[in-house]
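This report concerns only the one structure given below.
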2 protein chains.
Amino acid sequence: MNVKTLCLSILFEKEASGYEIRQLCMNGECAYFVEVSFGSIYPALAKMEKESLLTSHTQEQQGRPAKKIYKITDKGKEEFRASLFESLNDDVFRSEFLLFAQFAHLLPSSLVKKRLSERLEMLEKEVFDLEKLIKEIPENATSNNGTYWVINYGLSIRRVEKQYISTHMSELVKMAQTEKLNQKA
Amino acid sequence: MNVKTLCLSILFEKEASGYEIRQLCMNGECAYFVEVSFGSIYPALAKMEKESLLTSHTQEQQGRPAKKIYKITDKGKEEFRASLFESLNDDVFRSEFLLFAQFAHLLPSSLVKKRLSERLEMLEKEVFDLEKLIKEIPENATSNNGTYWVINYGLSIRRVEKQYISTHMSELVKMAQTEKLNQKA
DNA sequence: ACTTGCATGTAAGTGGTTACATGATTGG
DNA sequence: CCAATCATGTAACCACTTACATGCAAGT
C-alpha cells in the first residue's frame with residue numbers, strides 16, 4: 001500500500017489538505033495505521049492532480065496559512081475502485097517491542113518493567129481513542145459501515161494485546177536480569 | 001527495525017546462512033514477521049562481517065550449492081544487546097486487507113466473500129504453524145523463554161483476527177454490491 | 001524568548017525491493 | 001521439459017524519510 005492509494009482512500013470519503021491527510025494517518029482514523037511524512041504526501045498529491053485524479057482549491061484562513069484542499073475526481077474514484085480488485089499484498093507487521101521482549105533475559109528487569117508499562121499505557125490510549133472514534137461516527141455522515149468494521153477489527157487486536165501484556169508481563173520481568181537491590185540499610 | 005538488527009537477533013540464537021535467515025523471517029519463527037529479500041540480507045551480512053560483528057565459514061554440501069554459515073562474535077553480541085537499550089520505534093502495521101474491507105460497499109459481494117475466506121484460511125494456517133512451533137520449542141535448546149512469550153503474543157493476535165472474521169464476515173458481505181443472480185433457470 | 005501548531009513544498013539521503021546472473025538437483 | 005528449491009551475490013531502481021526553507025500565531 002503506497003502513499004498514493006492511501007491518499008485516494010482518504011479523499012474518497014472527504015476533501016482534505018495534505019496536512020489533514022497526515023493527521024488522519026497518525027490518529028487511528030484508519031485502523032491500518034500508517035505513518036506517512038509530508039515529504040511523501042505533498043509530491044504524491046501534486047502528481048495526482050497533474051494526472052487529474054484530484055482537483056484542488058486554496059482556502060484562505062484568518063491568522064493561519066492558507067490550505068490547499070484536494071478533492072477526488074470521478075477518474076480518481078474509478079482508479080481507486082479498480083485498485084481494490086487487484087490481488088492483495090500481505091500485511092506488514094513489524095514490532096521492535098517484540099524484538100525487545102524476546103531478549104528480555106539480556107536486560108535489566110527495571111528496563112523490561114518500564115517498557116512493558118509504557119506499552120500497556122500506549123495500548124490503553126489507543127483503545128480509548130478508537131472507542132471514542134466509534135461513538136463519533138454516527139454523527140459523521142461521510143463514513144461508511146466498512147469504516148466501522150475496520151475500526152472494530154483494529155480494536156479487537158489492541159484489546160488482546162492489552163490483555164496479553166496485563167496477564168503475562170510478570171513472566172517477562174522474571175526472565176530479566178535481577179539487579180542488586182539498593183534498599184535502605 | 002532494519003535488516004542488520006534482524007540478522008543479529010537471529011544469529012544471536014543460532015548460526016545460519018543468509019538463505020536460512022530469510023526462511024526464518026518468512027515463517028513465523030519471529031512473531032514480528034518481516035519479509036526481507038535476499039538483496040538486503042546478503043549485503044548486510046557481508047558488511048557486518050567486515051565490521052567483525054560476524055564470522056563465516058563455507059560448508060560444502062552433496063548435490064547442493066555450498067552454504068556460507070555466519071556466526072555472531074562477542075562484539076556482535078554486545079552491539080546487539082546495546083541496541084536493545086535504545087528507545088523503541090513504533091510498531092508498523094499496514095494492511096491492504098483492511099483497506100479492501102473498508103471499501104467493501106464498492107465491490108461485488110462475490111469478491112468480498114472470496115477475500116474474506118482467503119484471509120480466514122491464511123490465519124488458520126498461521127495459527128496452526130505457530131502452535132506447531134511452540135510444541136517444538138522444548139526440544140530446541142537454542143531458544144529462550146522470551147521466544148515463547150513473543151510467539152504467544154503473535155498467536156493471541158492471530159486468534160482474535162480469526163475470530164473477528166468468522167463472526168463478522170457476513171456483515172461485510174451484506175455491505176457489498178449484490179450481483180445479478182445467475183442461477184439455473 | 002521559546003516552543004508548538006498550522007501549512008506547503010523541495011532536495012538529499014537511505015533502506016529497501018526487483019531483476020539479473022549463475023548453476024546444480026529434484027519432482028511433477 | 002519445466003518449475004521449484006537450494007544457494008549466493010550485484011546493479012538498477014524506487015518509495016519513502018529526514019532535513020531544509022519559510023513564516024505567522026498562540027501558548028508557556
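Basis for what follows: all heavy atoms, side chains included, without hydrogens, waters or symmetry-related copies. Predicted model only: the values in this text are computed from it and were never measured. Chain naming here is simple, since letters A, B, ... match the order of the sequence lines and numbering starts at 1 in each.
Atom CZ in A:Arg22 sits roughly 14 Å away from atom C1' in C:dT4 (whole-Å rounding). In this structure, B:Leu24 places its CG atom 12 Å from P of D:dA7, rounding to the nearest Å. The interatomic distance linking B:Lys4 (NZ) with C:dT14 (P) rounds to 14 Å, in whole Å. Rounded to whole Å, the distance from CZ on A:Arg94 to P on D:dT17 is 12 Å. For the pair B:Gln23 CD and D:dT8 P, the computed distance is 10 Å after rounding to whole Å. Taking atom CD1 of A:Ile41 as the reference point, atom C1' of D:dA15 lies 14 Å away to the nearest angstrom. Atom CE of B:Met26 and atom P of D:dA7 are 15 Å apart (whole Å). Atom CD in B:Gln59 sits about 10 Å away from atom P in D:dT8, given to the nearest Å.
Axis angle, first five pairs versus last five pairs of the helix from C:dA1-D:dT28 to C:dG28-D:dC1: 40°, rounded to 10°.
For A:Arg119, the salt bridge (Lys or Arg N to Asp or Glu O under 4.0 Å) test picks out A:Glu161, B:Asp91, with sequence neighbours left out. Residues meeting the side-chain contact (heavy atoms from CB on, under 4.5 Å) test with B:Arg159, sequence neighbours left out: B:Val127, B:Glu131, B:Leu155. Partners of A:Phe38 under the ring-ring contact (aromatic ring centres under 6.0 Å, His included) rule, at least two apart in sequence or in another chain, are A:Tyr19, A:Tyr42.
Salt bridge status for A:Glu126 with A:Lys162: absent, with no side-chain N to carboxylate O gap under 4.0 Å. With respect to B:Arg22 and B:Glu35, no salt bridge is recorded, no charged nitrogen being found less than 4.0 Å from a carboxylate O.
Seen from the ring of B:Phe100, B:Arg115 counts as a face-on cation partner, given the 6.0 Å and 45° thresholds. In this structure, A:Arg81 forms no cation-pi arrangement with B:Phe103, as its terminal cationic atom is not both closer than 6.0 Å to the ring centre and no more than 45° off the ring axis.
Other members of the cluster containing A:Ile69 do not exist, because no ILVMFWY side chain is joined to it at under 4.5 Å.
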Could I get a table of every N or O pair under 3.5 Å where one atom is in the protein and the other is in nucleotides 7-10 of chain C?
| residue | atom | partner | partner atom | Å |
| --- | --- | --- | --- | --- |
| C:dA7 | OP1 | A:Gln61 | OE1 | 3.1 |
| C:dA7 | OP1 | A:Gln61 | NE2 | 2.6 |
| C:dT8 | OP1 | A:Lys68 | N | 2.7 |
| C:dT8 | OP2 | A:Tyr19 | N | 3.0 |
| C:dT8 | OP2 | A:Tyr42 | OH | 3.0 |
| C:dG9 | OP1 | A:Lys68 | NZ | 2.9 |

* Apply side-chain contact (heavy atoms from CB on, under 4.5 Å) to the pair A:His105 and A:Gln177, showing each step before the final yes or no. => CA-CA 6 Å; A:His105 60 105; A:Gln177 297 196 348; over 6 Å; no

